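So the structure is just underneath, and the comments pick up after that.
Atom set for the values below is all heavy atoms of this structure, side chains included, hydrogens, waters and symmetry mates excluded. Worth saying up front: this structure is predicted, and the values here are computed from it rather than measured.
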Amino acid sequence: MPIVNRVADLQPDIQAWRRVIHENPELLYDVHRTAAFVADRLREFGCDEVATGLGRTGVVGVIKGKQPSKGEIKVIGLRADMDALPIEEQTNLPHASKISGKMHACGHDGHTAMLLGAARYLAETRNFAGDAVVIFQPAEEGGAGAAAMIQDGLMDRFGIEQVYGMHNGPGIPVGCFAIRPGPVMAATDSIDIKIEGLGGHAARPNKCIDSVLVGSQLITALQSIVSRTIDPLESAVVSICEFHAGNARNVIPHTAELRGTVRTLTPEVRETVEKRVREVCEGVARMTGAKIDLVYERGYPVTKNHAEQTDFATQVAKEVAGAQNVHEMPPLMGAEDFSYMLEARPGAFIFCGNGDSAGLHHPAYDFNDEAIVYGTSYWIKLVENKLAAS
């Protein structure tokens, strides 16, 4: 495969960085150790600028090419995420997490290491025109770290004109890439519902407003939104994943709580689902006599790839992996806060094969180190092709 030869030489170092990060997982914005590790490496590589503290704990490195620029695009951003998940690791690997209850179960250790590898190569060679801006972001796993870095001036401060992201993909063979134009990952919203009924003795349900029954009716009605409101050719998910009520078998509980998530791929469907969730809650409350309080919070927007940049990223991936190993994928209903960066600047998000590994967010997951040469080579070729001298 036409991976960058120098990357193959760097693979042991990149793997070692990845495993150090894996052993020491940190959550959300509390990635101080990882951020310091990244900043130290970037300084060692000779980056022209290393900035810390963006979005609280984000790190940015700037590498200037040595070629005279004649192209329209002079600055591109490459983004990796640094945070782990609150999961107890079950891999029993030599480099398994040393911190109880935390692990890199989504491969952000691999993302960070691959971008560090690309930064080392680009700082050594500088065979491009313009600036390559490497972005190491905290709090992808629910903390909107991308938005925090943007609010701290990421795009304007470094003059970023286009931005690119990458994620590993379990089930995609190592050496393959997957991408698509348009919506590639879903918007995610949260539902929190508190039900206040009228508790009482289980033998006298006629004297009660049963919060468990009300919650059950709510779940059934909410699950019908997608099947009976949304166009079958569109995509949406409504999942109620928590139901908390009662603590005795002979007591009808006075209150109950439901929590869940909504995933959608277009703004129109997102609006419709939220409207129907609110209507369902109001209707069930009127029907049962219970008080129902709904908190509906919007989270990450749709991750939407821009057409021109997706075509460019696809061609770069084909250069690295071969045309037969780059595939157009269906959209995923998972969410990704790189969406905020794609709202701020044109760009594209691609998946790099992780092979037949456990799934993301699974306690047996581990990033596949065989993927390092492909992901790192992709970053390098992306810069050298986009910021070509002519």
task: Apply side chain to side chain donor-acceptor pair (under 3.5 Å) to Thr303 and Glu336, showing your working.
output: CA-CA 7 Å; Thr303 305; Glu336 164 63 61; over 6 Å; no
Quiz prompt | Arg41 to Phe37 six-membered ring, cation-pi geometry met (6.0 Å, 45°) | solution = yes
- Think Arg56 forms a cation-pi with Tyr29, using NZ or CZ under 6.0 Å from the six-ring centre and within 45 degrees of its axis? yes
Check the pair Asp109 / Arg18 against salt bridge (charged side-chain N to carboxylate O under 4.0 Å, His left out), numbers first and verdict last. CA-CA 5 Å; Asp109 52 338; Arg18 201 280 292 185; 2.9 Å; yes
Do the side chains of [Y] and [X] get nearer than 4.5 Å, heavy atoms only?
| X | Y | value |
| --- | --- | --- |
| Arg298 | Glu274 | yes |
| Ile172 | Cys352 | no |
| Val214 | Asp210 | no |
| Ile252 | Val212 | no |
| Ser357 | Asp366 | no |
| Phe177 | His327 | no |
| Thr376 | Leu10 | no |
| Gln162 | Arg345 | no |

Assess whether atom [atom1] of [X] is packed by more than 12 heavy atoms of other residues, nucleotides or ligands within 6.0 Å.
| X | atom1 | result |
| --- | --- | --- |
| Lys102 | NZ | yes |
| Asp231 | CG | yes |
| Asp192 | CG | yes |
| Lys74 | NZ | yes |
| Glu88 | CD | yes |
| Asn250 | CG | yes |

Point to revise | Contacts of Phe338 that satisfy ring pair (Phe, Tyr, Trp, His ring centres under 6.0 Å) - sequence neighbours left out | key: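 Result, ring pair (Phe, Tyr, Trp, His ring centres under 6.0 Å) vs Phe338: Phe349.
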Contacts of Phe312 meeting ring pair (Phe, Tyr, Trp, His ring centres under 6.0 Å) (sequence neighbours excluded), chain-then-number -> none
message = Determine whether Trp379 and Phe128 satisfy the following criterion, ring pair (Phe, Tyr, Trp, His ring centres under 6.0 Å), listing intermediate values before the conclusion.
response = CA-CA 13 Å; Trp379 283 137; Phe128 58 94; over 10 Å; no
[X] side chain to [Y] side chain, donor-acceptor N/O pair below 3.5 angstrom:
| X | Y | result |
| --- | --- | --- |
| Thr255 | Glu196 | no |
| Gln90 | His362 | no |
| Glu319 | Asn385 | yes |

Checklist entry - Under 4.5 Å between side-chain heavy atoms, hopping through other hydrophobics if needed: is there a path connecting Tyr374 to Tyr121? => result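 Yes, same cluster.
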Please determine whether residues Val50 and Ile160 belong to a single hydrophobic cluster, defined as Ile, Leu, Val, Met, Phe, Trp and Tyr linked transitively by side-chain heavy-atom distances below 4.5 Å.
no
Self-check item: Salt bridge present between Arg157 and Glu49 (N-O < 4.0 angstrom)
Solution: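 So Arg157 pairs with Glu49 through a salt bridge.
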On a heavy-atom basis, which atom in [X] and which in [Y] lie closest, and how many Å separate them?
| X | Y | value |
| --- | --- | --- |
| Ala348 | Ala313 | CB-CB, 4.2 Å |
| Gln11 | Ile372 | NE2-CD1, 3.9 Å |
| Ala321 | Gly175 | CB-O, 3.1 Å |
| Arg79 | Glu140 | NH2-CG, 3.3 Å |

_I'd like to know if the side chain of Asp83 and the backbone of Glu141 have a donor-acceptor N/O pair within less than 3.5 Å._
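At least one qualifying donor-acceptor pair exists.
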_Check: Asp48 side chain, Lys64 main-chain N or O, donor-acceptor pair, under 3.5 Å_ =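 At least one qualifying donor-acceptor pair exists.
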The test is salt bridge (charged side-chain N to carboxylate O under 4.0 Å, His left out); show your working for Asp13 and Arg120 and say whether it passes. CA-CA 11 Å; Asp13 286 345; Arg120 178 172 171 180; 2.8 Å; yes
Residue pairs passing the ring-ring contact (aromatic ring centres under 6.0 Å, His included) test with at least one member in residues 257-304, sequence neighbours excluded, are Tyr300-Tyr340
- Message: The test is side chain to side chain donor-acceptor pair (under 3.5 Å); show your working for Tyr365 and Asn168 and say whether it passes.
- Response: CA-CA 12 Å; Tyr365 168 87; Asn168 74 95; 2.8 Å; yes
Worksheet item: Rounded to the nearest 0.5 Å, what separation is found between the CD1 atom of Ile135 and the CD atom of Gln137?
Response: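 One finds 8.5 Å between CD1 of Ile135 and CD of Gln137.
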Quick one: sort the His111 and His167 rings into parallel, tilted or perpendicular, breaks at 30° and 60°.
perpendicular
Quiz prompt | Verdict with supporting geometry, Glu308 and His306, side chain to side chain donor-acceptor pair (under 3.5 Å) | solution = CA-CA 6 Å; Glu308 180 181 337; His306 297 252; over 6 Å; no
- request: In sequence, state the C-alpha distance, the side-chain angles, and the governing distance for Arg19 and Glu23, and then conclude on salt bridge (charged side-chain N to carboxylate O under 4.0 Å, His left out).
  value: CA-CA 6 Å; Arg19 295 187 176 186; Glu23 290 177 350; over 6 Å; no
